Every structure is written in structure tokens, then in C-alpha cells.
> 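This structure is in C-alpha cells; I'll ask about it shortly.
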Amino acid sequence: MQGYSSQASTSKTVLLNGIEYKQVQNPIGKFGGTLNLSVLGTGPKTFNPWASTDNTSSELSRLMFDSLFDDDPDTGEIIPHLAKSFEIKDGGKIIIVKLRKGITWSDGKPITADDVVFTWNEIVFGGLEGGGFQALCLIDGKFPEVKKIDNETIEFKTPIVFAPFLRQISYPPAPKHIFEPLIKKAKSKDEAKQIFNRFWGTNNNKKDFITSSKFKLKRYVQGERIEFEKNTNYFAINTVNKKLLYLNKMVFATVQDQALELFKFLAGEIDTSIIKGED
């Protein structure tokens with residue numbers, strides 16, 4: 001894969017008004033509407049994906065924070081997402097990632113190489129993340145080197161060739177302009193981790209949430225429902241260059257067990273229900 005530059009078969013990069021959009025090659029859909037789903041249990045413990053230690057929090061976070069790469073639904077291959085392309089050099093020890101120009105966080109601030117480098121060097125390697133990802137990043141006993149080349153370009157360098165690393169660098173970047181000031185206030189590493197873990201918890205003001213993916217958190221009623229509204233700054237478009245996504249809202253009802261979930265489905269309160277194979 002020396003010098004290989006990827007391009008997704010299921011999407012194209014289209015430059016519009018200075019923004020390199022991901023043009024999705026799916027059939028054109030209909031705009032509007034709400035998708036009503038459910039989550040089992042008591043609901044999320046945090047909306048901070050880098051501090052998450054439970055499945056519900058992590059799953060809901062994927063609606064709000066995108067990764068550098070995605071999986072092609074047809075082939076299963078790794079394809080660019082927040083990234084525009086990647087190039088593998090030095091026999092596989094160096095991966096150069098190019099971000100899309102002009103893409104932004106939901107607050108309008110640019111998503112840049114600074115966010116990616118900060119996420120890896122300060123959150124992951126700095127021991128702030130809570131899901132155990134740091135341990136997976138030790139390659140031959142060393143952390144990879146992650147550095148900025150320019151505003152849209154990041155270099156990842158490993159001490160030895162490590163094939164799974166391409167999937168690892170898909171790790172979603174965090175907004176540096178939000179997290180760095182918090183971390184700088186801390187007087188110790190332990191205090192920094194405490195501040196980081198509490199931030200974007202379930203009791204935070206929802207207006208303060210900054211996202212990079214399809215949705216923003218609109219409302220959370222503990223033990224009842226989680227409401228998301230679409231992120232109008234999302235970087236995807238359809239084949240006629242209309243900004244995605246199609247849905248206006250996604251709402252998750254909190255249900256205690258699958259029996260209650262099925263009841264809500266039959267009552268028309270949620271749109272899907274998981275049915276076990278034995279049933």
C-alpha cells in the first residue's frame with residue numbers, strides 16, 4: 001500500500017463554497033421527520049465519548065461525534081469520513097491523513113489537524129480517556145508519534161508496522177477549543193482527569209454541547225428520553241448537493257427491559273423493536 005491514496009466508492013468529495021463535502025451516493029431521500037427509538041436500562045452516564053465506559057453512552061455519542069474513517073457498507077473496507085484521504089508510506093509505518101477543508105464543529109469553529117493532534121497527545125496518551133483505548137495504542141511498547149503537518153494534514157508514525165493501526169486512527173477527534181481551556185485549569189493530572197470526566201455529563205447544560213456528527217443533543221430527561229436534533233453544519237450532501245441529513249430529530253425512549261420496549265413498539269411510541277431469535 002506504499003503511496004496508496006484512498007477514495008470511497010460509496011461517496012465522492014465535492015467542493016462547494018470552500019467546503020469539501022462528502023457526497024453520499026445513496027438514492028435521494030425525503031427531508032423531515034423524527035425517528036423514535038429506544039435504549040435499554042437507565043440511560044447514558046455521560047455524553048462525553050472520550051470518558052465513556054458504558055455501551056449506551058458510547059452508542060449515543062456516535063450520533064454526535066464522527067471518526068476520521070468509516071467502513072464501506074458494501075465492501076467493509078476502511079474509507080475516509082472526516083478525513084478526505086490517507087496515504088501509507090515507509091512500508092506501512094507512516095500514515096498521512098488529509099482532513100476535509102472547511103468542515104466545522106456544530107458551533108462553526110473549524111475542525112483541523114490541531115483537534116486530532118490534541119485528542120491523541122493530550123486525551124489518549126495523556127491518560128484522560130476512560131474507555132481503555134490508551135492501552136490499545138501501545139505498539140512494541142511505545143505510543144505512536146502524532147504530529148501536525150498543516151491545518152488539514154496529520155502524520156501518524158509507528159515504531160513498527162502494525163496493520164490494525166489504520167482502524168485505530170479512526171478515533172473521533174475532540175474539539176480542542178472546548179477541552180484545552182478546561183485541562184489547563186487543572187493543577188494536577190488527577191484533577192485534569194476529574195474535570196474531563198465530569199464535563200459533558202448528563203447534568204450539563206445541553207446548549208454547551210459541541211458536536212461534529214449528524215446530531216446535537218437537544219433534551220435529556222433522565223430515565224425517560226433523549227432527544228437529538230440535526231446538526232445543520234454537518235459535512236455530508238446528497239447527489240443533488242443538498243445538505244444532509246434527512247431527519248430533523250431522533251428520539252430515544254428509555255425502557256427498562258425488552259418487554260416494555262415491545263409494548264411501546266406495539267403502541268406506536270417507537271418505530272423499531274429488537275426481537276430475540278427465540279421469539
Side-chain angles (χ1 to χ4, degrees), residues 1-15 18-23 49-50 62 65-105 110-177 179-180 183 212-213 235-236:
M1 297 179 71
Q2 180 78 18
Y4 172 74
S5 182
S6 70
Q7 180 61 49
S9 60
T10 54
S11 68
K12 296 179 180 179
T13 295
V14 175
L15 181 64
I19 301 173
E20 291 180 326
Y21 285 98
K22 178 179 180 179
Q23 188 186 62
W50 305 279
R62 291 189 183 99
F65 298 98
D66 272 346
S67 302
L68 295 183
F69 302 107
D70 203 350
D71 291 329
D72 188 304
D74 295 325
T75 66
E77 293 182 359
I78 298 172
I79 58 175
H81 191 51
L82 280 176
K84 177 179 66 173
S85 64
F86 66 90
E87 186 177 3
I88 297 178
K89 296 183 174 182
D90 193 21
K93 291 191 289 186
I94 293 177
I95 303 176
I96 306 294
V97 176
K98 298 284 287 187
L99 296 176
R100 299 176 186 277
K101 291 182 180 179
I103 59 175
T104 67
W105 299 98
I111 299 174
T112 70
D114 290 320
D115 296 307
V116 179
V117 172
F118 171 80
T119 302
W120 281 83
N121 290 336
E122 302 299 328
I123 294 178
V124 178
F125 301 155
L128 297 182
E129 65 87 27
F133 181 67
Q134 184 197 63
L136 299 177
C137 296
L138 281 171
I139 301 171
D140 199 30
K142 300 176 183 177
F143 288 128
E145 295 178 18
V146 184
K147 67 178 183 180
K148 172 183 175 180
I149 304 300
D150 57 43
N151 279 342
E152 285 88 35
T153 312
I154 311 101
E155 180 186 279
F156 294 85
K157 186 177 181 179
T158 56
I160 60 172
V161 177
F162 185 63
F165 189 57
L166 184 58
R167 288 195 179 275
Q168 289 182 335
I169 64 176
S170 181
Y171 195 71
K176 179 182 178 181
H177 67 289
F179 282 106
E180 187 178 50
I183 295 171
S212 62
S213 192
F235 61 94

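Since the structure is predicted, the reported quantities are computational estimates derived from the model, not experimental observations.
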> Who are the side chain to side chain donor-acceptor pair (under 3.5 Å) partners of D70, not counting sequence neighbours?
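Not a single residue meets the side chain to side chain donor-acceptor pair (under 3.5 Å) criterion with D70.
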> Indicate the atoms forming the closest heavy-atom contact of A113 with L99, along with that distance.
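Heavy atoms only, the tightest pair is N-CD1, 3.5 Å.
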> What's the spacing between T119 OG1 and F65 CZ if we round to 0.5 Å?
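One gets 10.5 Å once the value is rounded to the nearest 0.5 Å.
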> Which pair of heavy atoms, one from P80 and one from A83, lies closest together, and at what distance?
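Distance-wise, the nearest heavy atoms are CB-O, 3.1 Å.
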> Taking only residues two or more places apart in sequence or in another chain, which ones pass salt bridge (charged side-chain N to carboxylate O under 4.0 Å, His left out) with E20?
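Scan of E20 (salt bridge (charged side-chain N to carboxylate O under 4.0 Å, His left out), adjacent residues dropped) gives K84.
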> Measuring from I123:CD1 to E180:CD, what's the distance to the nearest 0.5 Å?
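Those atoms lie 10.0 Å apart.
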> L68 versus Y171: any side-chain heavy-atom pair under 4.5 Å?
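No. Closest side-chain heavy atoms not under 4.5 Å.
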> Could I get the full list of side chain to side chain donor-acceptor pair (under 3.5 Å) partners for K98, not counting sequence neighbours?
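So K98 forms a side chain to side chain donor-acceptor pair (under 3.5 Å) with T153.
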> Can you name the salt bridge (charged side-chain N to carboxylate O under 4.0 Å, His left out) partners of K148, sequence neighbours left out?
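With neighbours one apart ignored, the set is D114.
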> Would you say the ring centroid of H81 lies under 6.0 angstrom from that of F235?
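So the answer is yes for these two rings.
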> So how far is it from I78 CD1 to D72 CG, rounded to the nearest 0.5 Å?
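Answer rounded to 0.5 Å: 11.0 Å.
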> Considering only distance and modelled atom types, tabulate donor-acceptor pairs under 3.5 Å from the side chains of residues 127-141, sequence neighbours left out.
{"residue": "E129", "atom": "OE1", "partner": "G131", "partner atom": "N", "Å": "2.9"}
{"residue": "E129", "atom": "OE1", "partner": "G132", "partner atom": "N", "Å": "3.3"}
{"residue": "E129", "atom": "OE1", "partner": "F133", "partner atom": "N", "Å": "3.2"}
{"residue": "E129", "atom": "OE2", "partner": "G132", "partner atom": "N", "Å": "3.4"}
{"residue": "E129", "atom": "OE2", "partner": "F133", "partner atom": "N", "Å": "2.9"}
{"residue": "E129", "atom": "OE2", "partner": "Q134", "partner atom": "N", "Å": "2.9"}
{"residue": "Q134", "atom": "NE2", "partner": "V124", "partner atom": "O", "Å": "3.1"}
{"residue": "Q134", "atom": "NE2", "partner": "F125", "partner atom": "O", "Å": "3.2"}

> Any salt bridge (charged side-chain N to carboxylate O under 4.0 Å, His left out) pairs touching residues 153-169, not counting sequence neighbours?
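The answer is D71-R167, K147-E155.
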> Looking at residues at least two apart in the chain, or sitting in another chain, which of them share a ring-ring contact (aromatic ring centres under 6.0 Å, His included) with F179?
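Only W50, F196, F199, W200 meet the ring-ring contact (aromatic ring centres under 6.0 Å, His included) criterion with F179.
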> Determine whether I111 and S212 make a side-chain contact, defined as any pair of heavy atoms from C-beta on separated by less than 4.5 Å.
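Yes, side chains in contact.
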> Can you name the nearest heavy-atom pair linking W120 to I169, along with the distance?
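So the two residues come closest at CZ2-CA, 3.5 Å.
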> Keeping the roles fixed (side chain from D115, backbone from K176), state whether a donor-acceptor pair exists under 3.5 Å.
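It does hold such a pair.
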> What closest approach, in Å, do V161 and G91 show between heavy atoms, and which atom pair accounts for it?
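Nearest heavy atoms, V161 then G91: CG2-O, 3.4 Å.
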> Does D90 use its side chain to pair, donor to acceptor, with the backbone of K93 at less than 3.5 Å?
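Here the side-chain-to-backbone pair does not exist.
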> Kindly indicate whether the side chain of F156, heavy atoms from C-beta on, has any atom under 4.5 Å from the side chain of L166.
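Not in contact.
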> Roughly how far, to the nearest 0.5 Å, is the CD atom of E77 from the CG atom of D74?
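So the gap between those two atoms works out to 10.5 Å.
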> Quick one: does S170's side chain have a donor or acceptor within less than 3.5 Å of a partner on F69's backbone?
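Yes, the answer is positive, given that a donor and an acceptor are paired below the 3.5 Å cut-off.
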> Atom OG1 of T13 and atom NZ of K22: how far apart are they, to the nearest 0.5 Å?
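If I round to the nearest 0.5 Å, the distance is 9.0 Å.
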> For S213, which residues count as a side chain to side chain donor-acceptor pair (under 3.5 Å) partner, sequence neighbours excluded?
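Per chain and number, S213 pairs via side chain to side chain donor-acceptor pair (under 3.5 Å) with D66.
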> List the residues meeting salt bridge (charged side-chain N to carboxylate O under 4.0 Å, His left out) with E122, not counting sequence neighbours, and say none if there are none.
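E122 satisfies salt bridge (charged side-chain N to carboxylate O under 4.0 Å, His left out) with no other residue.
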> Are any of the side-chain heavy atoms of F162 and Q168 separated by less than 4.5 Å?
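Of all side-chain heavy-atom pairs linking Q168 with F162, at least one is under 4.5 Å.
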